[in-house]
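Since the model is a prediction, treat every value here as computed from it, not as a measurement. As a basis for the values below, the full set of heavy atoms in this structure was taken, side chains included, without hydrogen atoms, waters or symmetry mates.
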Amino acid sequence: MTRRLPREPLIAIIGATGTGKSQLAVELATRFSGEVINGDAMRLYAGLPIITNKTTIEEQKGIPHHLLGCIGLQEPTWVVGTFVNKALKVIEEIRGRGKLPILVGGTHFYTQSLLFRDGLTGQDGRGGGLEEGIDLGAEHVDLPLLQQPTETMLAELKKVDPVMAERWHPRDRRKIRRSLEIYLKTGRTAAEVYAEQRRHSNGKSAASTPDEGNGADSNEQSMRFPTLLLWVHAEQSLLRERLNVRVEKMLEAGLLEEVRTLNAYADAEAAADRPVDETRGIWVSIGYKEVKDYVHALQSGETSEKKLQYLKQNCTGKTKDSTRQYAKRQVRWIRSKLINSLPSSNNLYLLDGSDASTFDTAVIDPAVELTSSFLTAQPMPDPSSLSSAAAELLQPARLHYDSSVPAPERWTKQHCEVCDVTCAVESQWWQHMGSKSHKKAVSKSRQRHEETHSSIVIGDKPVAGDGVREGEKAV
């Protein structure tokens, strides 16, 4: 089928941390008169270039970068809705200047919510979506509240999303955690998210006009813009070594000084009776929480050299571990969430940058060719044909959402007083109510009730239920 020139095109670059996304964005912006939009939650914060791993002025090569270093330390990380609104405004301004918007997504649930009109499309309400991934510990952010005891999380969920709190069994940690995570990440309740997902699913069957630049599949109406997605990938073992080296360089470049700056800010706020919430925002960034104890020990001047050496090795190891885990979460998000949300005729291409020495020929050159073909409506290659890694990894890791599953927010947990059993799923409740054990328990309870009310013993004489001794007549 002949492609048409995409109207209001968008280039989105995704992939794990450390793969070269920012470098590719600058190269494409240079060649195609573009401007870069940051999609990484931690890079929103002003200052702290090492912890947030910001693109330096030199690396930007004069290309305008947006949503970079635009919020203060005291501010929480933007929820999805805030990011999408800000990004859409920036995209409109870039196009108004006749430039090409290029999104660099580090925090992929930001990216996905911007790409789709309904924001959270492609994630189901029974456990396989945003609420599960959001492994979205945050994508780039860990949420210590989600590591608290189940009772603590449930109490918090009752405050922010009482509908879902009533829905789940009080000991079902996994589901309670997911619902709370949705709220912390998006600023919206899980019930709202589920309802939106179902509206999207029901709307897919309606007739629609193909989206310009993306082909003829009716699912493409879910996309905001004709979009070319470029996934910069690196093989896991090679990326692991690359990330380990990056952590070492962060320590050499002044990571400890940035942690001292954050500690000083937190101490000042605490002294002013404005304690910072270290469960959110910049305070859960990789590099701060792992290193802060070591910095405190250095500043105290009371820690032995042997202990300091141990703390340094420990914090370095933790930072490396957290960075690697973050990279894995990013890839898992793409494969299990983003790919499943895309239409069958999608424009997602994987560029294998495993060998950093061949980045220009393996990543930049094919990206330039793909972008040129996309913008000029030339034939596009089959995404899986670019490499063996593309053929393997572009296969969805999870099946699409089944819209026949009853909406979870429409059912609240039920408690059987007789059996002391709580059911969080409607089918389980009716299964319990019809079970032999329940019927037997109900029968025994009824017998006890009847015995209690039909015969009361006074001394050694049984008394009828109306209080008259056996053999006597009521007056």
Side-chain angles (χ1 to χ4, degrees), residues 123-135 145-184 188-199 201-202 398-470:
Q123 296 126 16
D124 67 59
R126 42 170 204 149
L130 175 64
E131 70 280 13
E132 179 177 286
I134 2 191
D135 188 22
L145 179 58
L146 302 181
Q147 309 305 322
Q148 295 298 312
T150 303
E151 296 78 8
T152 303
M153 290 194 293
L154 180 59
E156 185 66 22
L157 185 62
K158 287 180 178 178
K159 297 177 184 178
V160 300
D161 191 353
V163 172
M164 297 311 293
E166 183 62 24
R167 166 70 177 87
W168 304 129
H169 190 287
R171 291 192 294 273
D172 194 335
R173 178 179 179 84
R174 183 173 64 91
K175 293 177 181 177
I176 291 170
R177 185 181 187 278
R178 286 205 308 265
S179 295
L180 183 57
E181 192 172 24
I182 290 176
Y183 178 80
L184 294 175
R188 302 167 60 198
T189 67
E192 292 173 339
V193 171
Y194 292 150
E196 180 176 295
Q197 290 164 350
R198 290 174 194 284
R199 286 196 299 271
S201 179
N202 292 337
R398 189 187 299 276
L399 296 177
H400 278 290
Y401 153 63
D402 181 2
S403 61
S404 66
V405 177
E409 70 273 16
R410 296 177 184 173
W411 167 261
T412 58
K413 63 178 179 287
Q414 299 290 332
H415 182 74
C416 176
E417 298 288 349
V418 176
C419 304
D420 192 24
V421 169
T422 300
C423 295
V425 179
E426 185 175 11
S427 60
Q428 292 177 348
W429 171 253
W430 294 116
Q431 183 179 7
H432 170 73
M433 295 297 287
S435 67
K436 291 181 179 180
S437 60
H438 171 73
K439 292 178 179 179
K440 186 175 181 180
V442 170
S443 178
K444 287 184 177 180
S445 176
R446 185 181 297 115
Q447 289 176 6
R448 289 194 298 270
H449 179 79
E450 291 174 350
E451 290 172 359
T452 300
H453 289 80
S454 65
S455 179
I456 303 175
V457 177
I458 300 180
D460 58 355
K461 298 285 188 178
V463 179
D466 58 3
V468 181
R469 289 180 184 273
E470 188 177 32

Starting at NZ of K175, measure out to CG of D172 and round the result to the nearest 0.5 Å.
5.0 Å
S435 meets the side chain to side chain donor-acceptor pair (under 3.5 Å) criterion, sequence neighbours left out, with S437
Hey, could you give me the CZ/CE distance between R177 and M153, rounded to the nearest 0.5 Å?
7.0 Å
Output for pair (L157 CG, I176 CD1), nearest 0.5 Å, gives 7.0 Å
State which residues pass side-chain contact (heavy atoms from CB on, under 4.5 Å) with V418; sequence neighbours excluded, sorted by chain then number.
C416, A441, V442, S445
Check: A190 main-chain N/O paired with D161 side-chain donor or acceptor under 3.5 Å
yes
Show the nearest heavy-atom pair for residues Y183 and V160, with the distance to one decimal.
CE2-CG1, 3.6 Å
Could you state the interatomic distance from CZ (R448) to OG (S443), rounded to the nearest 0.5 Å?
9.5 Å
Quick check: closest heavy atoms across E156 and L180, and the distance to 0.1 Å?
CG-CD1, 3.9 Å
State whether the side chain of E192 and the backbone N or O of T189 hold a donor-acceptor pair below 3.5 Å, judged by distance alone.
yes
Tell me, with the steps shown, if E181 and L184 meet side chain to side chain contact (heavy atoms under 4.5 Å, CB included).
CA-CA 5 Å; E181 192 172 24; L184 294 175; 5.7 Å; no
Excluding sequence neighbours, so at least two apart, what forms side chain to side chain donor-acceptor pair (under 3.5 Å) with R173?
T150
Does any part of the side chain of K444, heavy atoms only, come nearer than 4.5 Å to the side chain of K439, both counted from C-beta?
no
